[in-house]
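Note sheet for the following structure.
Quick note: residue numbers are just sequence positions, from 1.
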Amino acid sequence: MFNMDLRDENAAVSHTTLEMDSGEKRLNELGYKQELRREMTLFKTLAITFSSMAVFTGTPLYGPSLKYAGPASMIWGWVVTTFFTWFIGIAMAEICSSFPTTGSLYFWAAHLAGPKWGPFASWCCVWLEAIGLISGIGAQAYSGSQALQIIILLSTGTNKGGGYFASRSVFLCMYMCLTIIWAVLNTFALRVIAILDIISIWWQVIGGLVVIVMLPLVARPTQPVSYVFTHFETSPDSTGIASKPYAVILSVLLSNYCLYGYDTAAHLTEETKGADRTGPIAILSSIGIISVFGWAYNLALTFSIKVWFSELPFLFFLGFLGSITIKLIFQSVILLQDPNYLYDVNNETAGALVPAQIIYDAFHGRFQNSAGAVVFLCIIWGSFFFCGLSVTTSAARVVYALSRDRGIPFSQIWRKVHPKRKVPTNAVWLCAAISIILGLPILKLDVVFTAIISISTIGWVGSYAVPIFARLVMDEKNFKPGPFYLGRSSRPVCLVAFLWICYTCSAFLLPTLYPIQWRTFNYAPIALGIVLALVMLWWILDARKWFNGPVRNIDMQVQNGDRNAV
């Protein structure tokens with residue numbers, strides 16, 4: 001009796017030992033052994049993914065978008081962009097469910113494109129993704145530095161009151177410091193990043209609600225509904241763009257820039273429990289949250305733009321009328337906007353960040369001080385900080401995955417994982433170093449941010465197109481679905497997603513100001529053209545001979561034999 005119970009207990013222990021997480025099991029089937037620590041929950045994965053997108057990430061682009069075509073195209077452009085973004089997210093969720101690996105996009109491309117085209121598809125995808133993510137670190141560092149620049153300015157007296165406005169060299173130091181801080185934090189155990197990203201999601205949710213709800217309440221009176229949702233106005237004198245369709249396309253760039261980054265959940269699948277299920281959920285949940293919060297934030301800013309009253313014709317009468325009559329007259333007066341003031345280099349924020357001027361006007365108009373504006377800008381700065389931290393995490397994982405498959409020079413260095421912390425430390429610092437180099441032109445050029453966000457968006461979103469197109473054209477019988485499966489809806493979803501990605505990438509290649517001069521030129525096409533030309537030349541001359549895409553590091557037959565032996 002005792003021996004039988006003991007055998008039963010041993011069998012139960014053996015069965016427990018052989019049990020495997022569904023994500024790890026699928027990873028082994030794909031030819032990879034578990035090397036990274038799998039301790040991330042759905043909430044932690046969602047937190048990091050949400051942080052990579054960020055509620056306030058489009059703040060620097062709000063001003064240009066408003067100037068190009070007015071509030072209506074910007075507000076409704078967000079709705080249109082959100083609609084098509086869901087197609088991309090759903091297509092990626094299906095693929096993520098089938099391929100829960102840290103290499104994510106380029107691994108997907110390799111397997112979906114088949115043995116003939118897989119290596120080339122993988123090569124194109126991974127380099128686009130690496131370019132997008134690494135320049136994405138720079139984009140967040142620039143945004144964070146810009147927000148910090150304005151916080152210091154308002155805290156020391158505003159531009160009109162003798163406040164300190166950081167010079168180019170100081171701005172670059174801010175940029176470099178943020179990048180280095182993110183790299184340092186990413187060298188610690190993943191649980192540190194996970195804790196910070198949990199703080200991030202609450203920071204952005206609570207902080208986002210505070211800004212979205214409180215800003216219009218402070219900014220009294222607010223803009224009328226007709227102005228926010230129907231006012232269309234181009235600015236050919238300041239932008240040089242007279243074409244209305246062209247102006248609308250540039251106005252919608254704000255939405256295109258904000259609504260991506262949800263693939264971060266896929267990069268963390270080798271570190272997430274039940275990744276074949278939690279990965280797709282995190283992708284779609286992040287899109288849903290950011291879609292709502294981002295639109296609400298743009299609405300809050302637009303409603304809060306300072307109202308200018310046409311008072312002069314009524315000044316003679318105001319001294320003879322009671323307060324109630326004055327209020328009635330003011331309500332009947334046509335509201336006039338002076339949008340040029342938001343961009344004026346002589347205003348309180350030096351015309352450097354339009355949302356900051358809107359927030360300042362709201363608090364100064366109500367309380368005659370800028371303390372509330374500084375608090376709100378600190379909330380926005382925190383969003384940039386957490387977003388940059390998460391993007392650094394994702395970029396390092398992509399570089400690690402590419403190095404693991406020997407697809408980058410000196411791969412043996414970049415694929416090393418810290419033995420104790422289980423973090424690809426060398427890959428983290430490589431990404432940080434390249435991001436700092438991207439920021440060096442800040443010392444001389446005004447269009448650095450435009451170039452960085454264009455490169456980031458084209459690379460990052462462009463990398464989505466490769467696996468989605470491969471999924472679109474592949475034979476359905478060769479696809480092994482995961483728990484999240486679209487069935488016959490897959491092809492139309494992938495087609496719409498692919499076409500929208502092509503449009504988005506094309507839009508970010510367009511000149512943003514006319515006439516085209518050295519100080520206004522969008523350098524993204526040239527920068528991307530040179531880098532991608534070198535990558536393709538490397539492929540033709542050398543890489544195609546040895547790069548086979550993802551390299552299996554586990555022998556399933558041996559592993560199965562060992563398990564059976566156990």
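Between Phe56 and Tyr297, the two ring planes are perpendicular [angle over 60°; tilted spans 30° to 60°]. Relative orientation of the Trp539 and Trp123 rings is tilted, given thresholds of 30° and 60° on the angle between their planes.
For the pair Ser456 (side chain) and Gly132 (backbone), a donor-acceptor distance under 3.5 Å is present. Between the side chain of Gln140 and the backbone N or O of Cys387, no donor-acceptor pair lies under 3.5 Å. The main-chain N or O of Ser403 is never found under 3.5 Å from a side-chain atom of Trp414 such that the two would form a donor-acceptor pair. Within the 3.5 Å criterion, the main-chain N or O of Thr81 finds a donor-acceptor partner in the side chain of Thr85. Using modelled atom types, one side-chain atom of Ser251 and one backbone atom of Ser65 make a donor-acceptor pair closer than 3.5 Å. At distances below 3.5 Å, not a single donor-acceptor pair connects side-chain atoms of Tyr257 with backbone N or O atoms of Ile453. A donor-acceptor distance shorter than 3.5 angstrom exists from the side chain of Ser435 to the backbone of Cys431, with no hydrogens or angles considered. In this structure a side-chain-to-backbone donor-acceptor pair under 3.5 Å is missing from Ser200 to Leu196. The main-chain N or O of Tyr175 is found under 3.5 Å from a side-chain atom of Ser145 such that the two form a donor-acceptor pair. Checking side-chain atoms of Glu129 against main-chain N and O of Ser463 turns up no donor-acceptor pair under 3.5 Å.
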Practice prompt. Go through the steps for Ile455 and Trp460 under the test side-chain contact (heavy atoms from CB on, under 4.5 Å), then give the verdict.
Written response: CA-CA 8 Å; Ile455 294 170; Trp460 203 338; over 6 Å; no
Check step by step if side-chain contact (heavy atoms from CB on, under 4.5 Å) holds for Ile181 and Phe385.
CA-CA 10 Å; Ile181 290 171; Phe385 179 85; 3.8 Å; yes
Checklist line | Test log, rule side-chain contact (heavy atoms from CB on, under 4.5 Å), inputs Met92 and Trp108 | finding: CA-CA 10 Å; Met92 291 178 63; Trp108 303 349; 4.1 Å; yes
* Asked: Between Leu250 and Leu253, does a side-chain contact (heavy atoms from CB on, under 4.5 Å) hold up when you go through it step by step?
  -> CA-CA 5 Å; Leu250 294 181; Leu253 290 182; 3.8 Å; yes
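Note that CE of Met536 is 11.5 Å distant from CG of Leu541, once rounded to the nearest 0.5 Å. We find the CG-CG distance between Leu148 and Leu153 to be 11.5 Å, quoted to the nearest 0.5 Å. Between atom OG of residue Ser169 and atom CG of residue Leu443 there is a gap of 7.0 Å, rounded to the nearest 0.5 Å. The line from CG of Leu178 to SG of Cys173 is 11.5 Å long, rounded to the nearest 0.5 Å. Between Leu438 atom CG and Ile131 atom CD1 the span is 10.0 Å, to the nearest 0.5 Å. In this structure, CG in Leu301 is found 7.0 Å from OG1 in Thr59, a value given to the nearest 0.5 Å.
Here the side chains of Val252 and Met74 are not in contact, with every heavy-atom distance at 4.5 Å or above. Within the 4.5 Å cutoff, the side chain of Gln146 has no heavy atoms near those of the Met174 side chain. Inter-residue side-chain proximity for Tyr360 and Asn347 is flagged as unmet; no heavy-atom pair is nearer than 4.5 Å. Within the 4.5 Å cutoff, side-chain heavy atoms of Phe165 are placed close to those of Ile150. Side-chain contact between Ile289 and Gln204: absent, with no pair of heavy atoms (C-beta onward) separated by less than 4.5 Å. Inter-residue side-chain proximity for Trp127 and Leu534 is flagged as unmet; no heavy-atom pair is nearer than 4.5 Å. Put simply, the side chain of Leu259 does not reach to within 4.5 Å of the side chain of Phe84, judged on heavy atoms. The closest side-chain heavy-atom distance from Arg397 to Thr393 is below 4.5 Å.
Judged as a side chain to side chain donor-acceptor pair (under 3.5 Å), and not counting sequence neighbours, the contacts of Thr82 are Trp78. Residues that satisfy the salt bridge (Lys or Arg N to Asp or Glu O under 4.0 Å) test with Arg168, not counting sequence neighbours, are Asp446.
Across all their heavy atoms, Pro424 and Ala396 have their closest contact at CG-O, 4.3 Å. Nearest heavy-atom pair, Trp86 versus Leu284, reported as atom, atom and distance to 0.1 Å: CH2-O, 3.4 Å. In this structure, Pro525 and Asn522 approach most closely via the heavy-atom pair CD-O, 3.1 Å. When all heavy atoms of Ala373 and Leu154 are compared, the pair lying nearest together is CB-CD1, 4.3 Å. When every heavy atom of Val354 is checked against every heavy atom of Leu342, the shortest pair comes out as CG2-O, 3.8 Å. Considering all non-hydrogen atoms of both residues, Phe384 and Thr57 come closest at CE2-CA, 3.7 Å.
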Contacts table for residues 500-516: side-chain donor-acceptor under 3.5 angstrom, sequence neighbours left out:
{"from": "Thr504", "atom 1": "OG1", "to": "Trp500", "atom 2": "O", "distance (Å)": "3.0"}
{"from": "Ser506", "atom 1": "OG", "to": "Cys502", "atom 2": "O", "distance (Å)": "2.8"}
{"from": "Tyr514", "atom 1": "OH", "to": "Tyr246", "atom 2": "OH", "distance (Å)": "3.1"}

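Here the two rings, on Phe547 and Phe120, have centers that are 6.0 Å apart or farther.
Evaluated for a side-chain contact (heavy atoms from CB on, under 4.5 Å) with Ser394, the options Leu133, Val399, Ile137 yield exactly one hit, Leu133. Of the residues listed (Tyr260, Phe87, Tyr262), the one engaging Tyr464 in a ring-ring contact (aromatic ring centres under 6.0 Å, His included) is Tyr262, and it is the only one.
Around atom CH2 of Trp117, no more than 12 heavy atoms belonging to other residues, nucleotides or ligands sit under 6.0 Å away. Heavy atoms of other residues, nucleotides or ligands lying less than 6.0 angstrom from CZ of Phe469 number 12 at most. Residue Trp202 qualifies as open at atom CH2: its count of foreign heavy atoms under 6.0 Å is 12 or below.
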